[in-house]
Amino acid sequence: MSFRTVAIVIGVNNSLGSRPLRNAENDARDLASFLAGAHGPVGHDDVLLVLGRNATRPTVEAVFHEAARRRPDLLFVVFSGHGGGGSIALADGELDHALLAGCVRHVHAKRAAVVIDACHAGAIASQSFAGLGEIPDESWQALLAQMLPGVRLLLASRADEVASDGQGRNGTFTQGLLAGLRNLAGDVVYAGRAYITAEALFRYAARFAQRQTNGGQTPVAFGPVADFAIARAQSQPIVVRPAVRQPQSAPSTSSGPGFGTFLILAAAGGLGAYAWSRRPKWDRNVERYRSRDGRFW
């Protein structure tokens, strides 16, 4: 099976007309390192990293053209830097969200993930990403090939919010992503390995950002994130061993509901709680119901 993944990773601390950031370029370096590392799905030569003063509009457009030339099945796009209500900020000025979306479409990858750690990042969700959709081993290839076509958006803030540059080495949202990539045990097991989905990673990073900013920054996600295996978990999957059959005791003669009845009631309650947790929920960022897998109602 041939399944190629390409990552475009951009970080800009100093953009034209904006105050300097401290951590945007660190964010880009660290996420690029993980994507091309032992637990990421991208080959080292397929990470296109653009930083600082090199991140001009002509250079970024050329990088997207290079990605298209490589004909990837899966495309990652990561940006960290300043953002506005309708654009991201490069070293030489703004790049409109509509143009960024057009660049992503130009690559013609069937599956894509766009991660933006910037102020007002949620505004990019209004753009059209319709029709979008070297891996280390065959299990990665097979798993990624099963993902639904389309684009997944993992965005650091709502359209009307700013994003924190963080207190340490990374921006707050990226710090949460990196912590999740290191600490999550994986919510999908495939071919004996545990993988972290974009949904689990996003939920971890979103909770982290909310705690760090006292609720002032609310990350948002769009698209079918539940099926997206974004990284291999660093810890081994838990192996559930079959229980040892115990000798049966004599049947109880006491009155009242038996243990079997209790198990049935507990199972029914658990199924009811699970169904309730999977119901579509109202997303006030887009004023629509959104199901657990990112689809809208």
Side-chain angles (χ1 to χ4, degrees), residues 6-32 47-68 75-109 112-132 151-166 170-175 177 209 213 216-223 285-286:
V6 170
I8 297 172
V9 185
I10 305 165
V12 185
N13 282 342
N14 298 291
S15 52
L16 192 64
S18 301
R19 64 173 179 81
L21 297 171
R22 292 181 298 106
N23 292 324
E25 293 170 24
N26 290 337
D27 293 346
R29 289 189 189 94
D30 293 346
L31 287 172
V47 174
L48 306 175
L49 179 62
V50 185
L51 297 173
R53 67 180 64 183
N54 293 324
T56 62
R57 179 167 167 171
T59 301
V60 168
E61 290 178 346
V63 167
F64 274 98
H65 282 296
E66 172 60 21
L75 174 68
F76 281 93
V77 178
V78 177
F79 173 79
S80 184
H82 277 297
S87 63
I88 59 173
L90 300 178
D92 60 345
E94 296 181 351
L95 180 71
D96 291 345
H97 287 161
L99 183 56
L100 176 60
C103 289
V104 174
R105 287 194 297 271
H106 173 73
V107 178
H108 295 298
V114 178
V115 180
I116 298 182
D117 192 346
C119 296
H120 312 294
I124 198 173
S126 64
Q127 301 302 322
S128 173
F129 284 96
L132 287 180
V151 174
R152 289 82 174 158
L153 302 177
L154 305 180
L155 309 174
S157 58
R158 294 185 182 273
D160 59 348
E161 292 177 341
V162 297
S164 168
D165 194 29
N170 298 108
T172 299
F173 182 60
T174 297
Q175 186 180 357
L177 292 174
T213 63
Q217 180 178 336
T218 308
V220 290
F222 297 88
N285 189 54
V286 292

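These numbers come from a predicted model, not from an experiment.
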Heavy-atom pair with the smallest gap, counting every atom of [X] and [Y]:
{"X": "V107", "Y": "A68", "answer": "CA-CB, 3.8 Å"}
{"X": "I8", "Y": "A67", "answer": "CD1-CB, 3.8 Å"}
{"X": "A24", "Y": "V12", "answer": "CB-O, 3.4 Å"}
{"X": "G81", "Y": "A118", "answer": "O-CB, 3.2 Å"}
{"X": "A28", "Y": "L51", "answer": "CB-CD2, 3.7 Å"}

Ignoring hydrogens and geometry, is there a side-chain-to-backbone donor-acceptor pair from Q217 to E161 under 3.5 Å? no
Would you check if the side chain of S157 reaches a backbone N or O of A121 as a donor-acceptor pair within less than 3.5 Å?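 Yes: the side chain of S157 pairs with the backbone of A121.
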Quick check for you: to the nearest 0.5 Å, what is the distance between [X] atom [atom1] and [Y] atom [atom2]?
{"X": "S164", "Y": "N170", "atom1": "OG", "atom2": "CG", "answer": "11.0 Å"}
{"X": "D160", "Y": "H120", "atom1": "CG", "atom2": "NE2", "answer": "8.5 Å"}
{"X": "T174", "Y": "N26", "atom1": "OG1", "atom2": "CG", "answer": "10.0 Å"}
{"X": "L75", "Y": "F64", "atom1": "CG", "atom2": "CZ", "answer": "6.5 Å"}
{"X": "D117", "Y": "L154", "atom1": "CG", "atom2": "CG", "answer": "11.0 Å"}
{"X": "Q175", "Y": "D165", "atom1": "CD", "atom2": "CG", "answer": "11.0 Å"}

Quick one: list whatever passes salt bridge (Lys or Arg N to Asp or Glu O under 4.0 Å) with D30, sequence neighbours left out.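 For D30, the residues satisfying salt bridge (Lys or Arg N to Asp or Glu O under 4.0 Å) (neighbours in sequence not counted) are R169.
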In the structure I gave you, are the side-chain heavy atoms of E66 and V6 within less than 4.5 Å of one another anywhere?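 No; the side chains remain at least 4.5 Å from each other.
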Applying side-chain hydrogen bond (donor to acceptor under 3.5 Å, both in side chains) as the test, list every pair that has at least one member in residues 7-24; sequence neighbours left out.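 Listed by first then second residue: nothing to list.
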Scan for side-chain hydrogen bond (donor to acceptor under 3.5 Å, both in side chains) pairs involving residues 83-96, sequence neighbours excluded, and state none if there are none.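 Counting only pairs at least two positions apart or across chains, the side-chain hydrogen bond (donor to acceptor under 3.5 Å, both in side chains) contacts touching residues 83-96 are S87-E94.
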Check step by step if side-chain contact (heavy atoms from CB on, under 4.5 Å) holds for L90 and F79. CA-CA 10 Å; L90 300 178; F79 173 79; 4.2 Å; yes
Testing I10, V77, L100 one by one against I116 for a side chain to side chain contact (heavy atoms under 4.5 Å, CB included), which residue passes?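 Option passing the side chain to side chain contact (heavy atoms under 4.5 Å, CB included) with I116: L100.
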Residue from V115, V78, D27 passing side chain to side chain contact (heavy atoms under 4.5 Å, CB included) with V9: V78
